[in-house]
Amino acid sequence: MKISKYQIFWMIASLEIGMVLLLTQSPAIEEAKQDAWISFVFAGLAGIGITYAAGKLSLLYPNQTFIQYSQRILGKWLGRIIVIPYFIHWLSVIGVIFRQSSEIIQMTLFTRTPLFILIVLLLLLVIYVNYIGGIEGIGRCSEIMGPFIFVMVIITLFLNFNNIEWEKILPVYTDSGLKSILQGSLTPLSFYGESVLIMMLLSFTEEPKEGVTWAVRGVGVVAILVTISTLEILMVFGPNLSSRLWYPFFEMARYISLMHFLQNLEIVVTVIWIFSIFIKLSIYLFVSSYGIAQWLNIKDWRKVIWFVAIASIVLSLIYPNNNVASVSYLEKYWLPFVLPMNMIGIPLLLWGIGVIRKNSKQIDE
């Protein structure tokens, strides 16, 4: 299975933009007020740094996945133990995304359809692309859906231009300060940090070095678009109203009215969400199934897909409502554990040890 550098770009960009647009702007605006766009600038830069570090780590062993080279760096047993937090991370986030996405689809499109049916239907699509195409199939889907997602985001931003009131982002910095701005950057950073998935994906690229470069570009493009959209949300709704909205970008799409003819464009945001979630879930299902198979020395990784699928359904139905699945998961697990440990701490630790071991080996030779 091989993917190109352009597919890496579209995979990283597509998996990030949907969730970042819909789930990170409200908490960031609540913390940083009208300076939330600065929070997204900081988060974007830090996200690029995380992607670069994860990529450089993977380039130490470009033909191996994270599951394999962690054992090369730390030894067999410690290397096997250190990947366990990632299995918990990957499996739990699949369940959360299924719950979030199914509830949004139910709210916007299929109000009378049982939630369980929507979860199963979405899961079947994700299983199909993994079982039939693997990472190559996901890469091809991202090349088709990715440009469409970005065009829809740009069109939504453009059509809201007549609703902008520039004074709503003033004064800059005075009302919030550096602490609030940095605090507001944590939520979007935790989503940009999902680019650490490159540690599992880079071994499948035809040109690993170019793959890292294009992954960084993918995060950068998303960061620019989301920063611009946050600025526009602030200038349309103002910081007070924006912080109280569940999905500010979705509401901004509903706010579009061009000559009383072009209206009710929230369906565009729903399509953006569905496409982005499809790519994201497909990638998470792949890395979970492939990673667990490597960890357990199972030759046919496709057999593990069914275990991950069943676990995903169970995990998605554990949460009593979307508020628990979104807010509680974010505050109690994602921010305090996944961000500092899985996205920053472990990759930097492995990178440092890996570089030392490589240099020591070269000196001995």
Side-chain angles (χ1 to χ4, degrees), residues 1-20 43-70 72-73 79 82-83 85-87 89-90 93-94 130 134-143 146 188-223 276 279-292 294 338-339 341-352 354-355:
M1 294 186 292
K2 287 294 180 181
I3 53 178
S4 69
K5 58 187 179 183
Y6 303 115
Q7 288 173 336
I8 277 283
F9 170 85
W10 286 116
M11 288 167 68
I12 295 296
S14 299
L15 78 87
E16 292 200 337
I17 193 164
M19 299 289 279
V20 174
L45 293 173
I48 288 171
I50 288 174
T51 310
Y52 179 79
K56 293 295 285 185
L57 165 62
S58 299
L59 286 176
L60 294 176
Y61 303 94
N63 297 318
Q64 297 182 353
T65 68
F66 171 65
I67 308 300
Q68 294 171 311
Y69 65 66
S70 62
R72 290 281 300 275
I73 294 173
I82 205 167
V83 301
Y86 288 89
F87 292 142
H89 163 195
W90 295 337
V93 80
I94 292 173
N130 268 276
I135 195 63
E136 289 182 1
I138 299 170
R140 293 190 188 109
C141 286
S142 66
E143 278 189 304
L189 173 59
S190 68
F191 284 82
Y192 290 142
E194 289 183 284
S195 59
V196 293
L197 288 169
I198 195 176
M199 296 189 301
M200 286 295 295
L201 301 177
L202 198 68
S203 63
F204 299 99
T205 58
E206 297 167 347
E207 304 170 85
K209 289 184 179 180
E210 288 294 310
V212 173
T213 301
W214 283 90
V216 169
R217 289 175 181 174
V219 176
V221 169
V222 171
S276 178
I279 298 298
K280 186 166 189 168
L281 284 172
S282 299
I283 293 172
Y284 266 107
L285 182 62
F286 174 79
V287 298
S288 300
S289 304
Y290 201 89
I292 291 172
Q294 285 189 321
V338 173
L339 175 60
M341 183 168 64
N342 290 17
M343 296 178 180
I344 300 174
I346 293 176
L348 288 178
L349 174 67
L350 290 178
W351 186 20
V355 169

Counting only pairs under 3.5 Å, give me each side-chain donor-acceptor contact of residues 199-221, with atom names and distances, residues two or more places apart or in other chains.
{"unit_1": "T205", "atom_1": "OG1", "unit_2": "L202", "atom_2": "O", "d": "2.6"}
{"unit_1": "T213", "atom_1": "OG1", "unit_2": "K209", "atom_2": "O", "d": "3.3"}

Exercise. Distance-only, no hydrogens or angles: does the N342 side chain make a donor-acceptor pair with backbone N or O of H89 under 3.5 Å?
Worked result: no

Let me have the donor-acceptor pairs involving side chains of residues 280-292, under 3.5 Å, with sequence neighbours excluded, atom names and distances please.
{"unit_1": "K280", "atom_1": "NZ", "unit_2": "E194", "atom_2": "OE1", "d": "2.5"}
{"unit_1": "K280", "atom_1": "NZ", "unit_2": "E194", "atom_2": "OE2", "d": "3.1"}
{"unit_1": "S282", "atom_1": "OG", "unit_2": "F278", "atom_2": "O", "d": "2.7"}
{"unit_1": "Y284", "atom_1": "OH", "unit_2": "E194", "atom_2": "OE2", "d": "2.6"}
{"unit_1": "S288", "atom_1": "OG", "unit_2": "Y284", "atom_2": "O", "d": "2.7"}
{"unit_1": "S289", "atom_1": "OG", "unit_2": "L285", "atom_2": "O", "d": "2.8"}

Problem set entry | Pairs meeting criterion side-chain hydrogen bond (donor to acceptor under 3.5 Å, both in side chains) with involvement of residues 4-20, two or more places apart | Q7-E143

For this session: Classify the angle between the aromatic ring planes of W90 and F87 as parallel (below 30°), tilted (30 to 60°) or perpendicular (above 60°).
Result: perpendicular

For this session: Might you work through the side chain to side chain contact (heavy atoms under 4.5 Å, CB included) test for F66 and V196, ending with a clear yes or no?
Result: CA-CA 10 Å; F66 171 65; V196 293; over 6 Å; no

Name the atoms and distances for all side-chain donor-acceptor pairs under 3.5 Å in residues 134-141, with sequence neighbours left out.
{"unit_1": "E136", "atom_1": "OE2", "unit_2": "K2", "atom_2": "N", "d": "2.8"}

Exercise. What is the distance from atom CG of L15 to atom CD1 of I279, rounded to the nearest 0.5 Å?
Worked result: 8.5 Å

Problem set entry | Counterpart residues, side chain to side chain contact (heavy atoms under 4.5 Å, CB included), relative to L339 (two or more places apart) | L186, L189, S190, L335, M343, I344

For this session: Decide yes or no for Y192 and I50: does some side-chain heavy atom of the first lie under 4.5 Å from some side-chain heavy atom of the second?
Result: no

Problem set entry | side-chain hydrogen bond (donor to acceptor under 3.5 Å, both in side chains) pairs, two or more places apart, involving residues 48-66 | T51-S195, S58-Y69, T65-Q294

For this session: State, yes or no, whether a side-chain contact exists between M19 and S276 at a heavy-atom distance under 4.5 Å.
Result: no

For this session: Quick one: closest heavy-atom pair of I198 and A54, and the distance?
Result: CG2-CB, 3.8 Å

For this session: Please report the closest heavy-atom contact between S70 and L350, naming both atoms and the distance.
Result: CB-CD1, 4.4 Å

